[in-house]
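Small disclaimer: the values here were computed from a predicted structure and weren't measured. All chains are named by letter (A, B, ...) in the order of the sequence lines, taking the proteins before the strands, and each is independently numbered beginning at 1.
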Number of protein chains: 2
Amino acid sequence: MTPPDATLRGFCGYAMKRAFLGVQADLNRVLAPLGLRMMTFSALVVVTDCPGLRQAQLADALSVEKPNMVALVAELEKAGLIERQRAAGDRRAHALIPTDAGRALCARAIAAVQAHEARITSGLSKLELQTLMQALALMERTASEETTHA
Amino acid sequence: MTPPDATLRGFCGYAMKRAFLGVQADLNRVLAPLGLRMMTFSALVVVTDCPGLRQAQLADALSVEKPNMVALVAELEKAGLIERQRAAGDRRAHALIPTDAGRALCARAIAAVQAHEARITSGLSKLELQTLMQALALMERTASEETTHA
DNA sequence: TATTGTTATACTCTATAACTATA
DNA sequence: TATAGTTATAGAGTATAACAATA
């Protein structure tokens, strides 16, 4: 009758984990043919939206620590999707620029992800989806406040 | 104006990731004083709810691969929270039993997690919370179907 | 002094193949 | 032959300290 994790199922954090891991695994399957993962896709989208932004800004936007950004950017650069240029006015910084190939792949990847999103949310009404997105944004803010107050 | 990840913010998968990582980090802060993490807490709750269940059943309940269950169970056993007993009738299997200390800690941890859940969902109405939980469960099912059909 | 990017390092979670001892 | 638990291993993501070059 009741599954072994019945108690856990009552916890929102546990439900979020199970749902996210499933969605992420599914999303990575969608992105794999394009040579991308969730992390590299996210970075490519931000660089394409904000050409010229610096590595520290990208790390901040994605909530990734700077040291972990290095390999990620190097991977995208090696794949020919973005370029690192010395920022004018600050020779320490790298300005990140999407290549033509990066922009093209980004457009294809966004289309694939949008189709994937439509599939995984197909069982939700417009109102339910809106409530879900608002709830997730609110919980993200609340959790970060809790952590900050620690 | 628009943040660098504005495009990503429109994706449900990205919103789920950010919310989950925030909630998980916050939850781990709550559990740390009890010597637990989200994974060890989850395992302890299941063993306490279903004393005598086997390692493979625990792994299945938590969607963890069996090899990854070994260290987790060993950690709980070393902490004196559960015991491994040879299952009667199948000398290959381990029956997992909570100790008195395990049951006591589990009760305290559940209370702490419930208080934590109340905090992070405090901005949501009862109906919004219900919609959120249903949406997460539905997306988990949908994602697993997608993956299975691959 | 402070910041950008970097190296080195470590921990957690996850995933697969292969072994052992039982069945 | 199949299963329960194990070992070994590897890939991601995440986290902190410390360094060189530059500001």
Between D:dA15 (P) and A:M39 (CE): distance, integer Å = 11 Å

ask   = When the nearest nucleotide of DNA chain D is assigned to B:A56 and to B:N68 on a heavy-atom basis, which residue is associated with the more 5' position?
value = B:A56

Any A:R37 side-chain nitrogen or oxygen under 4.0 Å from OP1 or OP2 of D:dG13 = yes

ask   = Is any side-chain N of the basic residue among B:R54 and B:D90 closer than 4.0 Å to the acidic one's carboxylate O?
value = yes

ask   = Do B:D90 and D:dA4 share a donor-acceptor pair, side chain to base, under 3.5 Å?
value = no

remark   = Taking for B:L72 and for A:P67 the nucleotide of DNA chain C with the nearest heavy atom, the one nearer the 5' end belongs to A:P67

ask   = With respect to A:V23, which candidate in B:M16, B:K17, B:E140 satisfies the side-chain contact (heavy atoms from CB on, under 4.5 Å) definition?
value = B:M16

message = Does a side-chain N or O of B:K17 approach OP1 or OP2 of D:dA12 to a distance below 4.0 Å, or not?
response = no

remark   = B:K66 atom NZ is separated from C:dA18 atom C1', nearest whole Å, by 13 Å

query = For B:M38 and C:dT12, what is the distance between atoms CE and C1' respectively, to the nearest whole Å?
reply = 13 Å

query = Within the structure, does a side-chain N or O atom of B:R84 lie under 4.0 Å from either OP1 or OP2 of D:dT6?
reply = yes

Atom-pair distance (CD on A:E75; P on D:dG11), nearest Å = 13 Å

query = Which nucleotide in the list C:dT4, D:dA15, D:dT6 gets nearest to the side chain of A:A93?
reply = C:dT4

key: Euclidean distance, atom CG of residue B:L36 to atom P of C:dT12 [Å, nearest integer]   = 13 Å

query = Among C:dT16, C:dT14, C:dA23, which nucleotide sits nearest the side chain of B:R91?
reply = C:dA23

ask   = Pick one: which of A:V64, A:V46, A:I82 meets side-chain contact (heavy atoms from CB on, under 4.5 Å) with A:L58?
value = A:V46

Residues, nucleotides or ligands: over 12 heavy atoms within 6.0 Å of B:R86 CZ = yes

note = Between A:A95 and B:N28, the residue closer to the 5' end of DNA chain C by nearest nucleotide is A:A95

request  = Measure the CD-CG distance between B:Q85 and B:L96 for me, rounded to the nearest 0.5 Å.
outcome  = 9.5 Å

note = From CG of A:L27 across to P of D:dG13 the rounded distance in Å is 12 Å

key: Side-chain donor/acceptor of B:R92 to base of D:dT3, under 3.5 Å   = yes

Gap between atoms CD and P, on A:Q55 and C:dT6 respectively (whole Å) = 5 Å

query = For A:L96 and C:dT6, what is the distance between atoms CG and P respectively, to the nearest whole Å?
reply = 9 Å

